[in-house]
Each structure stands twice: as C-alpha cells, then as structure tokens.
Amino acid sequence: MKNYLRQKLSEALSNIGADKIEIQFDIPKDEKFGDLSANIAMLLAKELKLPPRKIAQDIVDNLKLDPAKVSKTEIAGAGFINFFISDDHYRKVVPEILKLADDYGKSSHNTGKNANLEWISANPTGPLHTGHGRAACLGKAISNLLEWTGYNVTREYYYNDAGNQMNNLALSVYSRYMQIIEPDYEFPEEGYVGGYVKEIAANIYHEKGDSLKGKFDKDYFKSEGEKFTFELIKATLDRMGIKHDVFFNESSLYSDGTIEKTIDDLKEKSLAYEQDGALWLKMNPEEGFQKDKVIVKSSGEPTYRLPDMAYHIDKIKRGFDLIVDIFGSDHGDTYKEVLYGVKKLGFDESKIKVIIHQMVTFRVGNESVKMSKRSDKVYSLDELIDDIGSDAVQFFFIMRGANTHLDFDIELAKERSDKNPVYYLQYAHARTCGILRNAEEHLNDIASSTDENDLIKLLEKPDEVRLLKVLGRFPEEVVNSADSFEPHKIINYLNELAESFHRFYHNNRIVDAENLDLSHSRILLCKATKQVFKNGFDILGVSAPERM
RNA sequence: GCGCCCGUAGCUCAAUCGGAUAGAGCAACAGCCUUCUAAGCUGUAGGUUACUGGUUCGAUUCCAGUCGGGCGUACCA
C-alpha cells in the first residue's frame, strides 16, 4: 500500500514540478488522521516558497487514486496529507495470514545474505549468571529477527579456555579436591568460590580417589573443570532455547598463526611499537582515543585486544554481509579500540554492528539484589529460570530498548497474575485457542456454505476493522524491528495486538450458532490473530500456550 | 577530569525520518462476569518530556551548556 501511494504521489509531484523529494509516511497516532500520513507538503514549503496547505492541495488535485484502495484523502493540520485506506483492503489480510501461516511476516529483502551473530561468549570458568541474561536473550531474539528478513544466520560463541582465568579454575578445583582429603588445605585467595567447583572436585575424587593428592596436574584439572563448566553453560542455554552453530575457540587463532600474522602486519604498517618490553597499539587522538593501548604484555602474553582483532578479521574474511556483536556497556569502550585496529589493518569494519546494552539492576520489590563475581552469592541464570520460568526471563530481558538501564523486578516477573506483562500476551493467545476449541465443539459439523472471501466482508464493526489493521502491520513491524536490532518493538506491537483482540472479544460474541456466517467470519479473524501471536512469540523465543 | 549511555505520569517504560492533543502497564479511584478464559474490558485522575538557551513551519527527538544517575577510563576480559 505504501508503494502504491508512493508511486501515485510521485506522479502527482512531477505534475507540479517537484519530483526530487523522498516520500515518507507516518502512521498517525490518532485514527481521525487516517491510516497513513504524508508530510511532503511541509518539506516542500521552503523550496517552493508556498504555504504548505496550498502545496498539499495542489498535490491532492493531481492525485488519481483507486477508490477501492483509498476511500478518502484529506488535508489537515499544518499541511499533512492523510489517506484513509478502504476496509476492503484490510480485510484481505485475513486470507493472506491463513495462507502464509508460519511464514506471515517473513520478508526476503536480505535473502541470499549471510549474517554472523556472536554473543554471550562467556569463558568456561563458571555457570552463566544473571548478568549474562540480557545479552543472551537479546541475541536470541535478534538472530531470529534477522532470519525473518531473509538472512542466513550463523550463531556464534567465542570463548577462551587458555589464559590465567583457566589456570585459576584448575587451581580452584585442585584445592577443593585436596580439601576433601585434607579439610585444612588452603584455598587460593582469588579462587573461584562457586559451589560448582566443589562439585567438579567431588566428581574427580569419586573417580580417582586420592591418587592425585599432592601433585597438581594443571592440565588435567583444567580440562575437567572446563568440560564440566561448559556443560553447565550449554545446559542453561538449552533451557532458554539458545543454540549456537559455531563455538569459536580463541586458542585456534594462536595455533593457526593468525595472531603472529596480525602482529607482523601491525608492525609492518607501523601501527604498533615496542616500549618497556610490551607491544603498544598506536591510537590516534584525533579519532577520539586518549592513549595508546598495550596489545602484548611484557610477559609476552597478548591482552584481549590482539586476539579480538584477529577474531574480527577472521569473521570479515569468512565473507559475512553483516557481523553483529552484543555486549554490555562495561565493554563499551573496548570494542572501539578493537575496531580501530581492524580498520587500520585495512579491513572493512563497516559490516560490523555492535550492540551495546546497558546494565541490569535486579531487585526484589524495593530491595536491590547485589551481585558480585568474587562472592559465592552469584545469582545464576539457572536460578533465575527456576524462579520465574524461561518465558518470563526472555520477555523481561528484551522488553525494553537495549540502551536504557533495565530494572528487573524479580518479584514482579515471578508473579503469576495480571500484574505480569508476559501473561497479558500469552493469555490473549490462549484465549484465541479457547474460542477455537469452543467453536469446534458447538459448531462441529455446521460449516458455512459461504466463500471465505465473502465471509470476511462481514467484518465491518469498528473493533473488527481495528484488529484487522493491527494484524496487517505485522510484516513491517518485523522489518522495522530487525533493521534497528530492537526486538522490544515486537513486544510493543504484540501488546497492541492483544489490546485490540481483547476489546474485540469483549464486545462481540464470536461463536454463535444462530448467526452462522458471522460466526465463521469471526472465527477466521480469531485464527489469523492466533497465527500472528504465534509468529511474534516465535521471533521472541517465548512459548505460545494453548491454555492458561 | 575525560569518553560512552541515560534522565518522559507516584513506579517500570513506549513514542518510526523532527510531526498533529506525548502513550501503555503497575499503583489509586469508579464501573462490568446466569453467555466463547475477569490472567480480561470500560471510564476517571495523573506531565513545564531534569534545567537553560539554540536550530525551524514544527523539538521528547537535532546542537551547545548546566545538573543528576550508570558504565568505562589496566601490561584484567
């Protein structure tokens, strides 16, 4: 419909000699301003040196619109041109939804393109905690959104099982193991204190007895720790329906020489220099960087920046059309340094889209929940799922835009009542299912003899038309949401859909054996609504319960 | 100090590219169940969009400054 109007408007514009402007539409907030609104007259006012309303009138006079599509055109306010789209056009959305079913809302403007989404990427030193939750849920929804617009998406997890933190894990496990044998054995000050470490130690003791006593076999304890921890992480992801296609191990960048190569390239292009025994990346103050950054420590170990650069270069070389990274604002500055290095090495970093989400504050009622990595009182993601369920976790984490601080009220999320926004949507879906069950029961063999295309013509009450309009908007909402990487827009949309549906339900009897054709037309509307809820939930990664 | 993000109703948050009277939910108040799920619906009240300037037909949105909050400012990741 937008394309149709755009076409007609540009014809009209060329008639009045102003065809060089991009035509855009708004959906007015208020129904009395029509279904679509164009502001071109105001934009042209300056150029043509004419009052906007006069220009709008000239444009409308030159418009030739099909009355079957557009029932009314009017000029309002400062010079808005408002279009009223015919109800018939909206009614067609019902058979379309029913035909496309699970594909309604999918588009193809990114078909043939490859996207890579990397997220979570926690190192295997412990289970995921609630701090990982927001990125986890955002990534899941965004990867789905990208797929809905046609991308072939590779879901990737980047991790490092080398380095100090893993040595720390090995030592922590060993200490717990020794404590089984000698309760007074000293635990390292910086060690991982989580209960899972004791569990790993107990498993080892169960299998090996005290045969490992006294000799710290680092590699063995490390690999046992890693195996166990990664299983914990994967199990949690599995509970949330998150599946990665690629687990990219940082150490592969060392073994295949990529790191060495990157260092050589940096030196060759004079982007890095040695000082105080360390290798420094030269940063340009004019591009907003304060000081140079160390990429190889004087100990010879690289800082995270070097492998991160190498990793992103690797992703670029793999030929993705879009590369998305998601992380928290505590990493907000570091990615810029990494991308800076990638760019200076001559790679096109413009394909890389970084999504930064702000931190999450958890609270129970009015009390905030403090979480510290160094204490054993870490609130794990698993516990959160246990407490409030996977759907609510997913929903609460993506309910708000990523760059606003999220206030996560665990008490509210736990509540199985009307206070909880998750249930508002799921209830609406369950209600459509209930109605359809009822229809089957009471209308069992009474099929309508009327054709589907004639049945939908009976949908003419304001509540019905309103619902039709909302249903028809779903595909463009998906595109908007995907293009801006903002899944919360889908939630806002579904809220509107639920609202329209509940109102329709409340004011109209749907299953009515006395009014067979009307019943069947409304059942079609119900089915279409149910389908759109389901598709929206699929994108978000939330279940669509049939009963509640 | 500097950099990034944020500041919208009592609370949690929306608001498409700068659009018309800034919207939802919760909390408050008043109504609606002998009929398909009341986890719902209808209505009332609630705002100087932190503040001050600027840009323009028009600013919650863009720019500058002030105040307030979060994160970062490592030879940690």
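Order of the sequence lines fixes the chain letters, A, B, ..., with proteins taken first and strands second; residue numbering starts at 1 for each chain. The structure presented is a predicted model; accordingly, all values stated were derived computationally and were not measured.
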Q. How would you list, by chain and number, every residue that makes a side chain to side chain contact (heavy atoms under 4.5 Å, CB included) with A:Asp30, sequence neighbours excluded?
A. A:Lys32, A:Phe33
So which protein nitrogen or oxygen atoms get under 3.5 Å of nucleotides 25-35 of chain B's nitrogens or oxygens?
{"from": "B:rU35", "atom 1": "O2'", "to": "A:Arg509", "atom 2": "NH1", "distance (Å)": "2.7"}

Q: Using the P atom on both, measure B:rG18 against B:rU56 and round to a whole Å.
A: 16 Å
Q: For A:Thr361, answer base if it contacts any base atom (sugar-phosphate contacts may also be present), sugar-phosphate if it contacts only those atoms, and nothing otherwise; contact means non-hydrogen atoms under 4.0 Å.
A: nothing
Q | Working for ring-ring contact (aromatic ring centres under 6.0 Å, His included), residues A:Tyr157 and A:Phe230 | A | CA-CA 12 Å; A:Tyr157 189 115; A:Phe230 231 136; 5.7 Å; yes
Q: Classify the nucleic acid contact of A:Glu337 as base, sugar-phosphate or nothing, counting any heavy atom under 4.0 Å across all strands shown.
A: nothing
Q | B:rU8 to B:rG69 separation - P atoms, rounded to the nearest Å | A | 14 Å
Q | Separation between the C1' atoms of B:rA27 and B:rC11, rounded to whole Å | A | 7 Å
Q. Using centres under 5.5 Å plus planes under 30 degrees as the test, is A:Phe80 stacked with B:rG19?
A. no
(Q) Strictly under 4.0 angstrom, non-hydrogen atoms only: write out the protein contact profile of nucleotides 72-77 of chain B, one letter per nucleotide from the 5' end, B, S or -. (A) B-SBSB
Q: Mind listing the residues from residues 396-405 of chain A sitting with a heavy atom below 4.0 Å of RNA chain B? Number order is fine.
A: A:Arg400, A:Gly401, A:Asn403, A:Thr404, A:His405
Q: Return yes if the base of B:rA20 and the side-chain atoms of A:Asn82 contain a donor-acceptor N/O pair under 3.5 Å, otherwise no.
A: yes
(Q) Can you see whether A:Phe501 has A:Arg431 sitting over its ring - NZ or CZ less than 6.0 Å from the centre and within 45° of the normal? (A) no
Q. Among A:Tyr254, A:Tyr159, A:Phe248, which residue meets the ring-ring contact (aromatic ring centres under 6.0 Å, His included) test with A:Tyr311?
A. A:Phe248
Q: Mind checking which stems touch RNA chain B? I mean at least 3 consecutive Watson-Crick or G-U pairs, both distances under 3.5 Å.
A: B:1-7 with B:67-73, B:10-13 with B:23-26, B:28-32 with B:40-44, B:50-54 with B:62-66
Q. A:Phe33 on top of B:rA20's base, within under 5.5 Å and under 30°?
A. yes
Report, one pair per line, the protein and nucleotides 59-63 of chain B atoms (nitrogen or oxygen only) whose separation is under 3.5 Å.
none

Q. Taking the same atom, C1', in B:rC67 and in B:rC76, what whole-Å distance lies between them?
A. 34 Å
(Q) Give me the distance, rounded to whole Å, that separates B:rA38 from B:rU49 when you measure between the C1' atoms they each carry. (A) 35 Å
